[in-house]
Amino acid sequence: MMQICDSYSQKYSLFNAMNRFIGAVNNMDQTVMVPSLLRDVPLLLEELDAAGAVCPPRDAALPPGDPGAYFSRRDMYSHYVLLKSIRNDIEWGVVQPPAGEEAARKKDKLGGGPAEEGEGEEDLEQQFHFHLSGLHSVLSKLTRKANVLTNRYKQEIGVSSWGH
């Protein structure tokens with residue numbers, strides 16, 4: 001496999017961000033030999049914050065429908081499964097809905113008018129750059145999350161010197 005130099009000019013490359021994320025998840029997957037050990041082990045929000053992830057503060061009084069409640073109750077296993085699922089989506093693609101459903105959803109989002117279609121095409125480059133930078137940011141945070149989970153797993157099983 002050809003290795004790509006991660007020079008300063010390529011630091012913000014989406015391709016390199018995807019490779020770093022996939023590498024971190026592969027490392028996590030190879031390290032975590034028994035994923036079921038991750039069940040009910042909380043991945044502390046402080047650890048994710050230290051890794052650069054944006055997490056809501058932990059609050060025991062959060063209502064069940066609140067998105068912060070969902071993230072604060074997730075264990076290491078759910079993060080592990082999520083990271084592997086995202087890696088698979090990047091490597092193999094996302095399953096597309098049938099053409100009829102996709103067209104209906106786009107029509108709902110855009111309002112469906114032909115006049116609006118021309119307006120949307122004018123700022124495609126701006127939209128592309130916005131989503132590209134957002135995707136790069138999300139991949140960087142997910143990469144850090146995979147590394148945190150890997151290190152935490154090593155601590156939990158008592159083997160903190162692996163890979164160092």
Side-chain angles (χ1 to χ4, degrees), residues 1-32 35 38 43-58 62 65-153:
M1 174 183 272
M2 177 197 258
Q3 190 165 359
I4 297 175
C5 176
D6 195 15
S7 69
Y8 179 78
S9 62
Q10 294 177 332
K11 181 179 181 180
Y12 298 105
S13 160
L14 181 60
F15 182 74
N16 287 339
M18 287 190 309
N19 281 337
R20 284 190 298 270
F21 169 72
I22 289 170
V25 174
N26 286 342
N27 182 38
M28 175 191 74
D29 203 19
Q30 290 173 357
T31 302
V32 177
L38 300 173
L43 186 58
L44 303 176
L45 293 175
E46 296 78 31
E47 291 174 332
L48 293 177
D49 289 339
V54 178
C55 294
R58 184 175 293 252
L62 289 173
D66 188 284
Y70 175 72
F71 287 110
S72 66
R73 293 186 188 121
R74 295 182 79 180
D75 60 1
M76 286 179 59
Y77 182 78
S78 62
H79 285 279
Y80 173 82
V81 170
L82 174 69
L83 291 165
K84 285 185 61 169
S85 173
I86 292 171
R87 179 197 59 192
N88 288 341
D89 287 346
I90 289 173
E91 289 180 329
W92 301 102
V94 180
V95 176
Q96 298 295 323
E101 290 178 27
E102 186 176 338
R105 196 168 41 233
K106 283 183 182 177
K107 187 175 181 180
D108 288 343
K109 284 183 182 177
L110 295 176
E116 293 175 358
E117 206 172 293
E119 293 172 9
E121 290 181 17
E122 291 176 5
D123 65 344
L124 285 178
E125 183 177 7
Q126 183 181 10
Q127 289 176 10
F128 173 75
H129 287 290
F130 173 77
H131 290 291
L132 184 66
S133 65
L135 183 57
H136 186 276
S137 174
V138 168
L139 284 170
S140 296
K141 290 174 184 176
L142 290 170
T143 301
R144 287 189 292 270
K145 184 181 279 193
N147 290 332
V148 165
L149 192 144
T150 302
N151 292 334
R152 176 74 190 278
Y153 177 81

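These numbers were taken from a predicted model, which means no experiment stands behind them. If you read the sequence from its start, that first residue is 1, and numbering goes on from there.
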Open item on the list: Main chain of Val81, side chain of Ser85: is a donor-acceptor contact present, judged purely on distance under 3.5 Å?
Closed with: no
TODO: Step by step, work out the side-chain contact (heavy atoms from CB on, under 4.5 Å) result for Val138 and Lys141.
DONE: CA-CA 5 Å; Val138 168; Lys141 290 174 184 176; 5.8 Å; no
TODO: With sequence neighbours excluded, give me every salt bridge (Lys or Arg N to Asp or Glu O under 4.0 Å) pair touching residues 130-140.
DONE: none
TODO: Identify, with sequence neighbours excluded, every residue that meets side-chain contact (heavy atoms from CB on, under 4.5 Å) alongside Ile90.
DONE: Met18, Phe21, Ile22, Ile86, Leu139
Open item on the list: Check whether Ser137 reaches the backbone of Ser133 with its side chain - one donor and one acceptor, N or O, closer than 3.5 Å.
Closed with: no
Task: Nearest heavy atoms of Ala146 and Leu83, plus distance in Å - done: CA-CD1, 3.7 Å
Task: Interatomic distance, Asp123 atom CG to Glu125 atom CD [nearest 0.5 angstrom] - done: 10.0 Å
Task: Chi angles and distances behind the side-chain hydrogen bond (donor to acceptor under 3.5 Å, both in side chains) call for Tyr80, Asp75 - done: CA-CA 9 Å; Tyr80 173 82; Asp75 60 1; over 6 Å; no
TODO: To the nearest 0.5 angstrom, please state how far the CZ atom of Arg20 sits from the CG atom of Asn27.
DONE: 15.0 Å
Open item on the list: Which heavy atom of Ala24 sits nearest to which heavy atom of Asn147, and what is that distance?
Closed with: CB-OD1, 3.4 Å
TODO: Indicate the atoms forming the closest heavy-atom contact of His136 with Ala17, along with that distance.
DONE: CD2-CB, 3.6 Å
Open item on the list: Using 0.5 Å steps for rounding, measure from the CG atom of Leu142 to the CG atom of Leu135.
Closed with: 9.5 Å
TODO: Mind listing the closest non-hydrogen atom pair of Leu149 and Met76 along with its distance?
DONE: CD1-O, 3.4 Å
Open item on the list: I'd like to check the side chain to side chain donor-acceptor pair (under 3.5 Å) partners of Asn26; sequence neighbours left out, ordered by chain and number.
Closed with: Arg87
Task: Separation of His79 NE2 from Lys84 NZ (nearest 0.5 Å) - done: 16.0 Å
